[in-house]
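Just so we're on the same page: letters track the sequence lines, and every chain starts at 1. What you see is a predicted model, and the numbers here were worked out from it, not measured in a lab.
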Protein chains: 2
Amino acid sequence: MEKESVTIYDVAREAGVSMATVSRVVNGNSNVKQVTKDKVQAVIERLDYHPNAVARGLASKKTTTVGVIIPDVTDAYFSELARGIDDVANMYHYNIILANSDESGSKELKVLENLLAKQVDGVIYMGNGLNAELRKAFRHANAPVVIAGSVDDEEKHPAVNIDYVAATCDAVNKLIRTGHDKVAFVSGDLKQPINYKYRLKGYQKALAEANITFDDSLIFTSEYFYAAGYELAKKIQASAATAAIISDDELAAGLLNGLTDAGVNVPNDFELITANNTKLTQITRPELTSITQPMYDMGAVSMRMLTKLMNKEQLDQTTVVLPYGIIARSSTK
Amino acid sequence: MEKESVTIYDVAREAGVSMATVSRVVNGNSNVKQVTKDKVQAVIERLDYHPNAVARGLASKKTTTVGVIIPDVTDAYFSELARGIDDVANMYHYNIILANSDESGSKELKVLENLLAKQVDGVIYMGNGLNAELRKAFRHANAPVVIAGSVDDEEKHPAVNIDYVAATCDAVNKLIRTGHDKVAFVSGDLKQPINYKYRLKGYQKALAEANITFDDSLIFTSEYFYAAGYELAKKIQASAATAAIISDDELAAGLLNGLTDAGVNVPNDFELITANNTKLTQITRPELTSITQPMYDMGAVSMRMLTKLMNKEQLDQTTVVLPYGIIARSSTK
DNA sequence: CATATGTTTGCAAACGTTTACATCTAAAAA
DNA sequence: TTTTTAGATGTAAACGTTTGCAAACATATG
């Protein structure tokens, strides 16, 4: 913990070459004779030299670090995305600085500013709070930004997600086909585009296709917490709904258990489809039927896109839409 | 994305002072006249100057960044710890570089090396794989390391955890008191000290106190996955056990559902106590009785310790043991 | 008025790399 | 043999800060 660190100078001196040459071998530059390369390499190992990434970053203006803004690491949906991000980041020799934003606009801005001050080479944004201010901050950032697992409703920023409209529509359709014409729509804040411009649209589309008139007493919003879902069960019971599509698994689990504990039999009395197919969906009894999203892949792809962007490569497509599915479990008939 | 960044020189020039003075006001140095402080501050805002953290890091040899080694962000136990870490890191104006290790010894070493190359000011290690090699790497690191949510069985490194022996002993006692003398012990790899030196010890202690002879056909190990737990149900059923203490919630959930699906009634035919009180424990039916660990706090405290270490302050105690509890839910009578 | 004292500022040297550019070498071409 | 050329190496200037030290200034003291 107190050692003087060995620098490129030490290596150069010991190897009898200039620091430039050492730098070249460290960076795999081709213009170095094999014998000197070996000589330097030997010294590097003998002295246990490790290049100082900070100095490197300053000189090269690249930190091989990307910032990742996440609402909450503790959330299964986002942590799965984060895992995909980290794995491919590693593959390309990047590190990630993880920053929790709590989906709070002001915190997101603060965190972004902070990441940019640290000179990250790029940032990945997770969250559903993309607003004008944040958009502006992204535009003015001198690092590329890609959005993972959510949408940019103005489609200005590179993003990777699924077709939320179609997925929601399919799920609601499935419910309608089994005879429900009173399907509750349960999502987070309707101010968020992902909810009102995509999920709700998909819900309405399914209704329209089946000639069911929209009834806004079947629209519920809630925070994405287990307890919130559990509470919500009462309201849902009081409504005319006989089935529900829910946009978060933890919320869905709460709702399921709330209903069950109130004596409602799922799926016989009430059917449920949730949205993210996280681990939770298999743990509940009955297991939850769910839209499936390739969270890990979405994370991985978004990071891959970011590496291209950081490399000034052209993107084939600015927003990539990954396939979704629906897995039938026991919360539907 | 293409702007030339404004440096401390620009600010200095515009404000008609030297860069040293600008540096001083940025860093809140007291020896600056109020009027110049204001003048400089105004220019900073006008030019939207943001100090370059990399340059700062090089000059000051402090990066205000800490490395966090985590087995898997996706794991509820560790992500909860990570959340505590990040929150207090933020409080003290640190950022965290998150690195997944998969509990693989070689990856842990690689990741640590990488973090140190990035000149992190400290590192927090999560995981149960503390071995001789890693220990050596920690010792030779020029940054303090603290262990969060696990043990250093040699007690050389600062760590924050709970009293695993006592917790396990209490849980097993609870089972014994309700009449069980065949309690299965289900943990991860028994090569890990936390399992064989702590949890197993606690289990044996409880047995000894109740004059029950140890029977190693009741000892099971498994990976910490839902599916693994589900599979394990068969083996457990085939054993003489009538209750179990499990060291991971996901595993416990799998076991619970495996038993239930095989027609075993929990808690009437079989009782279960799990270890981490993560969200999962409330989602299962029946809900899981669990040891409670203050994960968030353990993360927070470990980060707080690290800030002291990074500040060269003396630690009151090198290992802090936080209180645990047991919350009775429906998987026990 | 001279001196001492304390506060405010500036100067310039780090920090440890990368990277144009210049130089040198040796082999290839003339 | 002389000239070219390409490859291998070295020189030194960035990169954008912090910080020890010296200088300048202001105020209080004798």
**Report entry** Among C:dG16, C:dT9, D:dT18, the nucleotide that comes nearest once only the side chain of A:A55 is considered
**Finding:** C:dG16

Requested in this report: Answer yes or no: does a side-chain N or O of B:K61 lie under 4.0 Å from OP1 or OP2 of C:dG16?
Outcome: yes

Requested in this report: Rounded off to whole Å, could you give me the NE2-to-C1' distance for the A:H50 and C:dC15 pair?
Outcome: 19 Å

Requested in this report: Take atom CZ of B:R56 and atom P of C:dG16, then tell me their distance rounded to the nearest Å.
Outcome: 19 Å

Query raised in the report: Using a cut-off of less than 4.0 Å, is there contact between a side-chain N or O of B:K33 and OP1 or OP2 of D:dC25?
Result: no

Report summary line: In short, B:S79 meets B:V73 closest at the heavy-atom pair CB-O, 3.3 Å

Query raised in the report: What integer distance in Å separates B:I8:CD1 from D:dT17:P?
Result: 5 Å

Requested in this report: Starting from the 5' end of DNA chain D, give me the residue, A:Y9 or A:S18, whose nearest nucleotide shows up first.
Outcome: A:S18

Report summary line: Quick note, A:A59 side chain, CB onward, closest among D:dC15, C:dT19, D:dT17 is D:dC15

Query raised in the report: Taking NZ from B:K39 and C1' from C:dT8, how many angstroms apart are they, rounded to a whole number?
Result: 12 Å

Query raised in the report: Do the side chains of B:I162 and B:M298 get nearer than 4.5 Å, heavy atoms only?
Result: yes

Query - B:N311 side chain near B:K308 side chain, heavy-atom distance below 4.5 Å - result: no

Requested in this report: Nearest whole angstrom, please: distance from the P of C:dG16 to the NZ of A:K62.
Outcome: 23 Å

Query - Rounded interatomic separation in angstrom, taking CG from B:D38 and P from C:dT8 - result: 13 Å

Query raised in the report: OP1, OP2 of C:dT18 versus side-chain N and O of A:N27: anything below 4.0 Å?
Result: yes

Query raised in the report: D:dA8 phosphate, OP1 or OP2: any side-chain N/O from A:T36 under 4.0 angstrom?
Result: no

Query raised in the report: Base, sugar-phosphate, or nothing: which does B:V26 touch, judged by heavy atoms less than 4.0 Å apart?
Result: nothing

Report task. Report the distance from atom CG of A:L58 to atom P of D:dA13, rounded to the nearest whole Å. Result -> 17 Å

Report summary line: From the candidates D:dT18, C:dC11, C:dC21, the one with an atom nearest any side-chain atom of B:M19 is D:dT18

Query raised in the report: Do any side-chain nitrogens or oxygens of A:S23 fall under 4.0 Å of OP1 or OP2 in C:dT17?
Result: no

Query - Phosphate-side-chain proximity, B:N52 and D:dC15, N/O vs OP1/OP2 below 4.0 Å - result: no

Query raised in the report: Does the pair A:D38/A:K33 count as a salt bridge with the N-to-O cut at 4.0 Å?
Result: no

Query - Whole-Å distance separating the CG atom of B:N31 from the C1' atom of D:dT19 - result: 13 Å

Report summary line: Tightest non-hydrogen contact, residues A:A137 and A:L112, listed as CB-CD2, 3.5 Å

Report task. May I ask you to verify if any side-chain N or O of A:T21 is less than 4.0 angstrom from the OP1 or OP2 atom of D:dG10? Result -> yes

